[in-house]
There are 2 protein chains.
Amino acid sequence: MSTASLVFSGGGPVSEATRGKVLTAAAELDYAGPDPRARSLRRGRSGVIAVVIEERVIDAFRDPVAIAFLDGIGQEISDSGAALLLVPDAGGGHTSLESAAMDAVVLVGCSPHVDRAVQTARRRGVPVVSLGGTPFADVPAVELDDREATATLAGHLRDLGHRRVATVTLPLGPERRRDRLTAEAVAAATVRTAVERLAGARSVFPDMDGVVAASSRVEEGRVAGRELLAAPDRPTAVLAQSDLLAAGVILAAEELGLSVPGDLSVVGFDGIRIDTVVPHDLTTMVQPAADQGRAAAALAIARIDGQDVASEHFRSEFHRGGTTAPPRG
Amino acid sequence: MSTASLVFSGGGPVSEATRGKVLTAAAELDYAGPDPRARSLRRGRSGVIAVVIEERVIDAFRDPVAIAFLDGIGQEISDSGAALLLVPDAGGGHTSLESAAMDAVVLVGCSPHVDRAVQTARRRGVPVVSLGGTPFADVPAVELDDREATATLAGHLRDLGHRRVATVTLPLGPERRRDRLTAEAVAAATVRTAVERLAGARSVFPDMDGVVAASSRVEEGRVAGRELLAAPDRPTAVLAQSDLLAAGVILAAEELGLSVPGDLSVVGFDGIRIDTVVPHDLTTMVQPAADQGRAAAALAIARIDGQDVASEHFRSEFHRGGTTAPPRG
DNA sequence: CTGTTAGCGCATTCAC
DNA sequence: GTGAATGCGCTAACAG
């Protein structure tokens, strides 16, 4: 009986009467609707979109931006009636990326193993889209104006009169280790976001020095901040590549008895609300994270429908907070 | 040719030679392994475990405990070779819970809509397991010793000499609204965790007064704290039902010029690290959140295998931090 | 150890 | 508008 199928698929020309009969019969047999396994075999689609996040869940979601990305993705997927498969990309071993049913993949952030993930999806013929990560051929991406945005922040500091400005960058490559920002480290860098933000900063302060953080966390920023502020010729401003790092730098400054922004100006990046660091209204660039998530999911859905899509670019917005001021003296 | 199937299924008695031939042929046709859709139809299993979280992703993951739960679930699922479907339970509209392929469901926390979720899964014949939520008939649960643990905290405060102790509870029911802790509110409460923790606290301080928070967030704790500390006969200690709420109470105290623990003792619950509130080492009960996540996933997997499983109980551990001291005077 | 066979539950075509 | 046939790609059960 094809009629039943039509009833459950929503559309189709079915008389109201028959429709009712089908539903009643279904209720009586307590039939819970078509079996998703059979349906997806027949239709060639599973209605599932995989979202690949970095490493373990707990690491990935320490970053509020990642959560906001996922929130946007989740909303768009949910609106489209699809389901969201969360795939932590552990690196080694079998991921569900290799074996689970999925119609498309969204890569979030830049795990050390993205390339392997892209390859896996390609082999399976599953379209891929990337969000906030390294660009790949044939992978439409949702990207941010990281370079220009960071240049804006650097320009803000320069306009205030700062000349000795240091930076705390996000990890530059797969190995997450704290490091000085050396020329070699920069040459070997692979993480787009970090590289672009650094380039933006250096477009204003060409020989800016700094520290490469091991992760985007407050504690990392604190350690990095201590290192930078202990230097003999200590900077009058620090440009951190994320708000979490910036919060850490502020903590480090306070511990050293420096006031922000009196003795030290600090800027971040992302525009998340760190509500635990309440007194500080950070000067930062606000990125529309949830919107980017939605956009990435929409790209994925379009690719499932066979459309040829182009990458999308988003803009972040300058927010002048209370953590920047002219240098003292 | 069933041999090919055996090669990809891993096991099976296949000669090395044939095995090689199959793999070579597969590589040549670049066959990426069996189609998961067909495989799951045939086997009657999809290899997918759904995890239902509260509302939107961004709300659910504001709580570090929820993230740790998911981390544990993710690890166990991944170890077992399964995949994780993330289902935000929006309440209205179609959830992927109704239509996506899944072999089991893990309910995390207590969304206002759990009962509907349980019903949906039942209709579909999918086994359900719950984690940190309201108990249901035929739903094995992973539970914490919330009552005893909170009694321990209350006992600690009493032993220090505190007599005027107020509490800030988690939301008691589906409607998330800040409220005084009235008898009616308690009578109407449905959220197990909050009710149990309250009962534990009242087992030591029977007529303890307090505030019901609208959510487990620092900002909520701050507002609640201000309210409690503005009272004429202000408490000498506050028992908050989560660490985030406790952090907020501490902020409120500081804003009012009260020192912690000098003028006010504060205890929390959960044992998360709020690394942005660095100076404060909170007195709290540490719950093994990731372990509970693993356990819940393990229960789900056992139920898929047809085993009859019982609920599991976990214990939290007292951590004496620096936020409690005897009352002044 | 290897090849053949049947059917998982559905959506789609085609007749009516 | 409705009912009857076909096969999606695989794996479990069997025969060789």
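Proteins come first, then strands; the chains are lettered A, B, ... in the order of their sequence lines, and each starts at number 1.
Rotation axes derived from the C1' atoms of the five outermost pairs at either end of the helix from C:dC1-D:dG16 to C:dC16-D:dG1 lie 40° apart, to the nearest 10°.
In this entry the distance linking CG of B:Leu41 with C1' of D:dT11 reads 10 Å, nearest Å. Rounded to a whole Å, the CZ atom of B:Arg42 is 13 Å from the P atom of D:dC10. In this structure, CG of A:Asp103 is placed 19 Å from P of D:dC8, rounded to the nearest angstrom. To the nearest angstrom, C1' of C:dC8 lies 14 Å from CG of B:Asp35. Atom P of nucleotide D:dC14 and atom CG of B:Leu6 are separated by 15 Å, given to the nearest angstrom. One can place CZ of B:Arg37 at 12 Å from C1' of D:dC10, the figure rounded to the nearest angstrom. The nearest whole Å value for the distance from the CZ atom in A:Arg43 to the P atom in D:dT6 is 23 Å.
Annotation: ring-ring contact (aromatic ring centres under 6.0 Å, His included) contacts of A:Phe136 (sequence neighbours excluded): none.
Here B:Arg303 does not pair with B:Asp308 in a salt bridge; the nearest charged N to carboxylate O distance is not below 4.0 Å. Between B:Asp89 and B:Arg116, at least one side-chain nitrogen of the basic residue sits less than 4.0 Å from a carboxylate oxygen of the acidic one, meeting the salt-bridge criterion. The residues A:Glu55 and A:Arg176 are annotated as not salt-bridged, no charged nitrogen and carboxylate oxygen being separated by less than 4.0 angstrom.
In this structure, A:Arg39 does not reach the C:dC10 phosphate: none of its side-chain N or O atoms is under 4.0 Å from OP1 or OP2.
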Donor-acceptor pairs are to be reported for all side-chain atoms of residues 79-86 of chain A against protein atoms at under 3.5 Å, with residues two or more places apart or in another chain.
unit_1  : atom_1 : unit_2   : atom_2 : d
A:Asp79 : OD2    : A:Arg294 : NH2    : 2.4
A:Ser80 : OG     : A:Ile77  : O      : 2.9

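Taken to the nearest 0.5 Å, the CZ atom of A:Arg62 stands 8.0 Å off from the OG atom of A:Ser215.
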